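Notes for the one structure printed next.
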Amino acid sequence: VEEIREMVDNDLGFQQAPLMCYSRTKTLLFISNDKKVIGCLIAEHIQWGYRVIEEKVPEISSENEKVIFERQKAWCCSTSPEPAICGISRIWVFSMMRRKKIASRMIECLRSNFIYGSYLSKEEIAFSDPTPDGKLFATQYCGTGQFLVYNFLNGQSRL
């Protein structure tokens, strides 16, 4: 699992950042039929998240132009903490297997297994400093561009 995390960190552009506390994290791996790891999700217990402040998208005609705009624009978040239970510090899917609902399936599994006997709502989950593609995914998955974020490198502090 540690080797997979290092490979995921490299692919996501993380500097080799160690997990804060292994006993408070859950790692989910998505294994293909041919026994290859094609997805990885690492989550940890958190207390607070910060809501992304959504910026108005200019009038853009094509879906492709909207994606390009979303990938290039800067984003910021609120300074007011909101309660959160689960922080997704990393979510990764092998590039050739993206857009096949693998990341969504891993989060659904996480939501039903993170706390025994409880099913987390999307409002109880925060994403750590998402990449541009991660921000697009979180917006799609949560149904809003105002999802929660947190900075796993600094524990519970703001981004």
Side-chain angles (χ1 to χ4, degrees), residues 1-46 49-52 54 57 62-75 77 84-155 159:
V1 171
E2 188 61 28
E3 287 177 23
I4 293 167
R5 186 190 62 80
E6 287 177 18
M7 187 269 311
V8 167
D9 283 357
N10 287 334
D11 203 34
L12 292 175
F14 277 109
Q15 300 203 348
Q16 294 301 312
L19 294 171
M20 294 299 177
C21 181
Y22 285 102
S23 65
R24 296 189 49 81
T25 64
K26 290 196 186 270
T27 300
L28 283 72
L29 300 176
F30 196 100
I31 312 293
S32 67
N33 290 337
D34 56 349
K35 310 277 189 273
K36 292 187 173 124
V37 175
I38 58 171
C40 178
L41 182 153
I42 301 174
E44 60 190 337
H45 290 271
I46 61 170
Y50 300 86
R51 189 127 340 250
V52 170
E54 201 166 24
V57 177
S62 77
E63 195 62 35
N64 194 34
E65 287 175 336
K66 287 180 188 174
V67 168
I68 290 169
F69 175 79
E70 282 293 329
R71 282 195 177 125
Q72 292 176 344
K73 77 174 187 176
W75 57 279
C77 63
I85 294 171
C86 176
I88 297 176
S89 73
R90 297 152 178 88
I91 186 163
W92 169 88
V93 175
F94 177 61
S95 60
M96 303 299 286
M97 298 301 291
R98 292 183 184 154
R99 306 211 48 84
K100 298 182 184 307
K101 301 284 184 200
I102 292 169
S104 296
R105 290 170 61 189
M106 287 191 297
I107 294 180
E108 288 302 309
C109 182
L110 175 74
R111 289 173 64 192
S112 62
N113 292 290
F114 192 70
I115 297 175
Y116 180 76
S118 178
Y119 186 77
L120 296 177
S121 73
K122 292 177 183 178
E123 290 292 313
E124 295 173 309
I125 295 173
F127 295 84
S128 73
D129 200 12
T131 62
D133 284 342
K135 185 177 182 295
L136 286 170
F137 168 76
T139 297
Q140 181 78 27
Y141 182 80
C142 294
T144 177
Q146 296 178 311
F147 55 90
L148 291 176
V149 293
Y150 79 107
N151 187 337
F152 83 98
L153 288 175
N154 296 328
L159 289 175

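On a predicted model such as this, the values are computed, not experimentally measured, just so you know.
- The structure places CG of L28 at 9.0 Å from CD1 of I91, a figure rounded to the nearest 0.5 Å.
- Considering CG of L110 and CD1 of I42, their distance stands at 11.5 Å, rounded to 0.5 Å.
- To the nearest 0.5 Å, atom OH of residue Y150 and atom SG of residue C77 are 13.5 Å apart.
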Stepwise side chain to side chain contact (heavy atoms under 4.5 Å, CB included) check, I31 with V37: CA-CA 5 Å; I31 312 293; V37 175; 3.6 Å; yes
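- Closest non-hydrogen pair, N113 versus K26, comes out as O-CE, 3.6 Å.
- Remark: T144 OG1 to E123 CD distance equals 8.0 Å, nearest 0.5 Å.
- L148 and G49 make their closest contact through CD2-C, 4.0 Å (heavy atoms, listed as atom of the first residue, atom of the second, distance).
- In plain terms, the two heavy atoms of V1 and T27 that are nearest each other are CG1-CG2, 3.8 Å.
- For N33, the CG atom counts as loosely surrounded, since its 6.0 Å shell holds 12 or fewer non-hydrogen atoms of other residues, nucleotides or ligands.
- In this pair, F127 and F147 present their aromatic rings perpendicular. The plane angle is above 60°, beyond the 30 to 60° band.
- The two residues S128 and S89 make their nearest non-hydrogen contact at OG-O, 2.7 Å.
- When D11, D129, D9 are each tested for a salt bridge (charged side-chain N to carboxylate O under 4.0 Å, His left out) with R90, only one passes: D9.
- Listed by first and then second residue, the side-chain hydrogen bond (donor to acceptor under 3.5 Å, both in side chains) pairs involving residues 94-108 are E108-R111, E108-Y119, E108-Y141 (not counting sequence neighbours).
- Here the shortest heavy-atom pairing between C40 and V8 reads CB-CG2, 3.9 Å.
- Taken to the nearest 0.5 Å, the OG1 atom of T139 stands 4.5 Å off from the NZ atom of K135.
- Taking every heavy atom of both residues into account, E124 and L120 meet most closely at OE1-CA, 3.3 Å.
- For the pair F137 and V93, the minimum side-chain heavy-atom distance is 4.5 Å or more.
- One distance of note links CD1 of I85 with CD1 of I115; it measures 4.5 Å at 0.5 Å rounding.
- Under the 3.5 Å distance criterion, with hydrogens and angles disregarded, a donor-acceptor pair is assigned to the side chains of S32 and D34.
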Stepwise side chain to side chain contact (heavy atoms under 4.5 Å, CB included) test for Q140 and L136: CA-CA 6 Å; Q140 181 78 27; L136 286 170; over 6 Å; no
